[in-house]
Amino acid sequence: MKRLLLASLLPLVCAQPLVTGLQNGFQPAWWKEAVVYQVYPRSFQDSNGDGIGDLNGITSRLDYLAKLGVNVIWLSPHYDSPNADNGYDIRDYRKVMKEFGTMEDFDRMLAGIKARHMRLIIDLVVNHTSDEHRWFVESRSSKTNPYRDYYIWRDGHPPNNYPSYFSGSAWQLDPTTGQSYLHLFAVKQPDLNWDNPKVRQEVFSMMRFWLDKGVDGFRMDVIPLISKAPGLPNLTPEQLKDPSRVWANGPHRDEYLQQMNREVLSKYDSMTVGEAIGITVDETTNIVNSARHELNMIFNFDAVRLNRGADYTGRPWMLADLKAIYAKHARVLSKTDWDTVFLANHDNPRLVSNFGDDSSPEMRVRSAKLLQTMLLTLRGTVFLYQGDELGMTNYPFTRLDQFDDIEVKNLYATGKIAEARLVKEAARFGRDNSRTPIQWSADANAGFTSANAKPWLAVNPNYKEINAAAQTADPNSVLSHTQKAIALRHEHPAFVYGDYQDLDPAHKQVFAYTRILGGEKFLVVLNVSRQPVDYKLPASLKTREALLTNAALSETGAATLHLGAWDARVYRY
Ligand code: GLC
Ligand code: CA
C-alpha cells in the first residue's frame, strides 16, 4: 500500500520544472528546460552482433546518456517496418521492429530511462504508413473495402502534378483497381486520409497505447502535411518551386491538431514537437501558441538548411544570416509560444562538417565545441543529435554504392544528375552522413557491433581518432565540453527563460549575445571562423567570471577579447 502510493506520487514529483512562478513572462515547464538527445536506433549500439543497432544496445548505453546530462531522449522510429525509409514507413504501430528487439526490450529500456530520471519521446509517423500496413493492404484490395477511404485514391495517372519528396510523381497507379494513391514520400509510404474521422481515431488510440506505457510524448514526423487541399488541384508553377508551402497549410491542419490535443495530449503530461516542413517562423505561433492547444513546439528548418539549395546543392551564407534567423525567432515568438534550437538530425549532415571546420583535428575539436556551446546557450529547447557530442564528421563517400538512403537512390534513378556530381553533392549533404554507426571506441567496428559483424552502414574510418572511450577519459574532449555546456544550461534558468540580445548583428566573424533573467546576466562570445580576431566589448559590459571556454585565455574583466580560431566563451557579467 505504502509502496504503491509512493510509486504513484513519483511521476508527479519529477514532472515539476526546476523553477516555479512565471519566469520572465514564461510559464515554466519541464519540456522547456529539457536538453533532448536524438537516438537513431539503427546506428546507436548493436547488442547481438547482427550489425544493426537495437533497443538492448540503447539500454546498455543509458549510463553514458545520463552522465552526458541530457534529460529527454527522442527515439527515431522503433516500429515494425519493411525499412523502405529506415522505419519512417510503419507496418505495425503497436509492434517493435524485429531487428530492434521485442516489446519487453522496449519496456526494459523505458524503465531504465525513467530510473535515471530521464524521459522518452518517440517518433509519431502518421502522415503516411508503409504500403505493407494492414490498413493499406485492405485499402488497395478493392474500391469498396472498408479501408479504401483510409488513404487517398483518385482516377487518372497521375491525377495531378504533385511531385514526391523522393523524386518522381507523388502518385502510384495500382493495377488492382486502376486508381492511383498519393505518396508524398516513397512509393512504399502511402499518405493517410486524415479527413476520414476513423483514421484520426485510429491514430489517437495508438498514441494512447504508447502514452499509457509511460512514454512522455512525441516528435511528430512531417505533421503539418496531414490536411490535404480540397480537390487536390494542380500546383501552379510558382507553388511547384516549394510544394511544402501548400502541403503544410491545408484547411484542417489546426482543427485536427486541436482534436488530437483535446482527445489525447491534454490527458497526459506530455511533450510534443512537430517537424514543421513548410512552416515559416512567422507562422510558427499558429501551431505552438499555448492558447491554441496544438503542439508545444516545432522544428523550423531555416537555420539547419541555411546553406542548402534544392536537392544537395550548396548555397553561400554568412554568419549575419544565421544571426538574423535567431533574432527573428526571438522577435516573432511571444511569451506564450515556445521554440526549438538544433542544427543537425538524421536528415542532415554532421554538425561539425556542416557548420564547423573538420579540415584538421585541431579545428574540428575547436569548432565542434563552439557549436555545442552555441546550441546550449541559445533560446528554445535544445535538440542534440547522437554522435555530435563527439564531434563525429561526415563520411568520406566516394562511390554511389556506399549510400543506403532512398533519397539518394531515387534521385539517381531519375537520371537528372550525373553520377559523379551526385556522389560529390550527397557526400556533402546526404542523410547517410549522420547515420553511420556511433563511434564508441577504437576497437574493431568502433565498438558499435562485434568485431566480425558487418555494420548495416559503414563505420567512418576516423573512429580510431574520434570515439567515446577516448573522449570520456579526456577532460578537454568535445564530449567533456558538451557535458559541461549541458550542465551549465541546467544550472542557470537564464539560458532557458532569459532574454536574448545579439550585441553585434552585422559582425562577420563574431557572434556575441547576452542571456538575461532578472539579475542573472550571461555573455556568450563565439569566433565563428578560423581567423583570430580582437573583439571589443561594449563599454558598459564588464565580465565577472568565465564559466565555460574552449580557449586557453579567459580574459575575465578585459575590455577587448583576443579570440583565437573558433574560440567560444561564456561569461557571467
Ligand atoms: C521526415 C523524416 C525523414 C523521413 C520523412 C518521411 O522528414 O525526418 O527521415 O524520410 O519524414 O517520413
Ligand atoms: Ca542488433
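Start at 1 and go down the list; that is how both ligands and their atoms are numbered.
- Among the atoms of Gly53, none of the N, O or S atoms falls under 3.0 Å from the Ca ion (ligand 2).
- For the ligand labelled ligand 1, residue Met220 lies outside the 4.0 Å heavy-atom shell.
- In terms of protein heavy-atom proximity, atom 2 (C) of ligand 1 is closest to Asp221 OD1, 3.0 Å.
- Under a cutoff of 6.0 Å and an axis angle of 45°, Arg154 and Trp171 do not form a cation-pi pair.
- For an aromatic pair to be called close, the ring centres must be under 6.0 Å apart, and Phe342 with Tyr385 fails this.
- For ligand 1, the atoms lying closer than 4.0 Å to a non-hydrogen atom of His346 are 2 (C), 3 (C), 8 (O), 9 (O).
- Ring centers of Trp440 and Tyr463: at least 6.0 Å apart, outside the cut-off.
- Aromatic rings of Tyr151 and Phe136 (six-membered ring for Trp) have centroids within the 6.0 Å cut-off, being under it.
- Annotation: cation-pi geometry not satisfied between Arg140 and Trp135 (NZ/CZ under 6.0 angstrom from ring centroid, within 45° of ring axis).
- Closest to atom 4 (C) of ligand 1 among all protein heavy atoms lies Asp85 OD2, 3.2 Å.
- If you run ring pair (Phe, Tyr, Trp, His ring centres under 6.0 Å) between His346 and each of Phe383, Phe44, Tyr88, only Tyr88 comes through.
- Looking at Asp46 and the Ca ion (ligand 2) together, the shortest N, O or S contact belongs to OD1.
- The Ca ion (ligand 2) is the vertex of the angle joining OD1 of Asn48 and O of Ile52, which measures 150° to the nearest 10°.
- Numbered from 1 in the order shown, with element, the atoms of ligand 1 that lie under 4.0 Å from a heavy atom of Val222 read 1 (C), 7 (O), 11 (O).
- The side-chain hydrogen bond (donor to acceptor under 3.5 Å, both in side chains) test with Arg350 singles out one residue from Asn394, Thr393, Asn433, Asp388, and that residue is Asp388.
- The shortest heavy-atom distance from Phe166 to ligand 1 is under 4.0 Å.
- Between Trp210 and Phe106, the ring center distance clears the sub-6.0 Å criterion.
- Among all non-hydrogen protein atoms, the one lying nearest atom 9 (O) of ligand 1 is Asp347 OD1, 2.7 Å.
- Counting only heavy atoms of the protein, atom 5 (C) of ligand 1 lies nearest to Phe185 CE2, 3.7 Å.
- Close approach of ligand 1 to His128 is summarised as follows: ligand atoms under 4.0 Å from at least one heavy atom of the residue are 6 (C), 12 (O).
- Within Asp50, OD1 is the N, O or S atom that lies nearest to the Ca ion (ligand 2).
- Asp54 contributes atom OD2 as its closest N/O/S atom to the Ca ion (ligand 2).
- Of all atoms in ligand 1, numbered sequentially from 1 with element shown, those under 4.0 Å from a heavy atom of Arg431 are 3 (C), 4 (C), 9 (O), 10 (O).
- Under the 6.0 Å cut-off for aromatic ring centres, Tyr93 and His133 qualify, their centroids lying closer than that.
- Set against the non-hydrogen atoms of Glu275, the atoms of ligand 1 under 4.0 Å away are 1 (C), 7 (O), 8 (O), 11 (O).
- Aromatic pair Tyr150/Trp194: centroids not less than 6.0 angstrom apart.
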